[in-house]
Amino acid sequence: MLSRMMRIDTIHFGCVDVRQQDVFHFPLGMPGLEHCRRWVLLTPPDEPAVSWLQCVDRPEIALAVVEPRRYLPDYRVRMYRRELARLELRSPGEARVLVTVNRTQGGLTLNLKAPLVINRKRRIGRQVISNGDMAVQYPLEGTVPKARRKIA
Amino acid sequence: MLVLSRQRDESIIINDNVVVTIVDIRGDKVRLGIEAPQEIPVHRREVYEAIQRENLEALRLGPKDTETLRQQSKEQPKDR
């Protein structure tokens with residue numbers, strides 16, 4: 001089936017062709033990035049652990065995102081129901097959860113407090129501010145050995 | 001800033017669709033109940049601002065910074 005392609009400028013990968021149907025819509029943008037409504041997820045083949053959420057309309061804006069459960073198998077998002085408004089989720093299985101990556105002096109961190117919840121079917125996303133004591137900058141370095149122990 | 005005095009169980013209404021009620025007052029802590037349409041986000045200000053800052057800071061990250069993640073995920077299958 002032919003799908004409509006669009007060419008977008010990206011900060012890390014130059015000019016990229018993406019399918020229009022691959023665009024995610026964030027009706028509220030994100031805190032600090034309120035005007036960034038259309039995003040695409042770019043996953044470099046040589047680095048599948050990290051994807052880049054690239055703003056379609058602002059080439060200079062891209063966030064590194066990872067699947068939090070890859071590092072923290074027990075990670076659960078607790079949030080008010082109203083936070084899920086507009087995501088049109090019919091079942092939890094339709095949701096994909098990603099978290100943004102940042103770097104602090106101590107190394108890479110994950111924003112566990114405000115995960116991105118995406119309806120994979122309808123391609124609507126939202127950055128949710130979760131309940132409870134989750135870190136905005138959760139140090140990643142310590143978590144990987146823990147995950148490895150579980151696998152081993 | 002508009003400043004209004006309210007007692008417990010009293011409310012203010014903003015626009016015609018947001019109601020803020022004083023639910024409880026204990027010492028210097030006030031509990032607020034907020035009724036607003038679901039499409040209006042409501043957050044604790046300091047938390048919202050922390051997420052704003054974090055998002056803007058995270059924009060500075062580049063593929064070079066995440067190289068360690070690639071190494072980690074490559075190492076993981078060996079442990080399986």
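All values reported here derive from a predicted model rather than from experimental measurement. Every chain is numbered from 1, with letters handed out A, B, ... down the list of sequences.
B/N55 places a side-chain N or O within donor-acceptor distance of the main-chain N or O of A/P31, the cut-off being under 3.5 Å. A/R103 places a side-chain N or O within donor-acceptor distance of the main-chain N or O of B/D65, the cut-off being under 3.5 Å. The backbone N or O of B/A36 lies less than 3.5 Å from a partner atom in the side chain of A/R82, making a donor-acceptor pair.
More than 12 heavy atoms of other residues, nucleotides or ligands shown are found within 6.0 angstrom of CZ on A/F13. Counted within 6.0 Å of CD on A/E60, heavy atoms from surrounding residues, nucleotides or ligands total more than 12; the atom is thus considered enclosed. Few gaps surround CZ on B/R8; more than 12 heavy atoms of other groups in view lie less than 6.0 Å from it. Counting non-hydrogen atoms of other residues, nucleotides and ligands closer than 6.0 Å to CZ of A/R58 gives a total of 12 or fewer. Counting non-hydrogen atoms of other residues, nucleotides and ligands closer than 6.0 Å to CG of A/D133 gives a total of 12 or fewer.
Closest heavy-atom contact between B/T66 and A/A64: CG2-CB, 4.2 Å. For the residue pair A/G32 and B/L56, the shortest heavy atom distance occurs at O-CD2, 3.6 Å. Annotation for B/A58 and A/N102: closest pair CA-OD1, 3.7 Å, computed over non-hydrogen atoms. Taking each heavy atom of A/A62 and B/L59 in turn, the nearest pair found is O-CD2, 3.6 Å. The shortest heavy-atom contact between A/H12 and B/L61 is NE2-O, 3.5 Å.
No other option in A/R81, A/K113, A/Q137 has as many heavy-atom pairs under 4.5 Å with chain B as A/Q137.
Taking CG from A/D46 and CD from B/E67, the interatomic distance works out to 9.5 Å, rounded to the nearest 0.5 Å.
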query: Can you check side-chain hydrogen bond (donor to acceptor under 3.5 Å, both in side chains) on A/N111 and B/E54, steps first, answer last?
result: CA-CA 8 Å; A/N111 182 354; B/E54 179 67 10; 5.1 Å; no

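Under a hydrophobic-cluster definition in which Ile, Leu, Val, Met, Phe, Trp and Tyr are linked whenever side-chain heavy atoms come within less than 4.5 Å, directly or via other members, A/W52 and A/V23 are assigned to the same cluster. Under the 4.5 Å side-chain heavy-atom criterion for ILVMFWY residues, a single connected hydrophobic cluster contains both A/V99 and A/Y138. In the hydrophobic clustering of this structure, A/V101 groups with A/V117; members are Ile, Leu, Val, Met, Phe, Trp, Tyr whose side-chain heavy atoms approach within less than 4.5 Å, directly or through other members. Linking Ile, Leu, Val, Met, Phe, Trp and Tyr whenever their side-chain heavy atoms come within less than 4.5 Å leaves A/L84 and A/I129 in two separate clusters. A/L53 and A/V40 fall into different hydrophobic clusters, defined by Ile, Leu, Val, Met, Phe, Trp and Tyr side-chain heavy atoms under 4.5 Å apart, directly or through other members.
Only the side chain of A/L28 comes within contact range of chain B, with heavy atoms under 4.5 Å apart. Proximity to chain A (any heavy atom under 4.5 Å) is restricted, for B/P37, to the backbone atoms N, CA, C and O. In this structure, chain B has a heavy atom under 4.5 Å from the side chain of A/T109, while its backbone stays farther away.
Taking 4.5 Å as the limit, some side-chain heavy atom of A/R126 sits within range of a side-chain heavy atom of B/P41.
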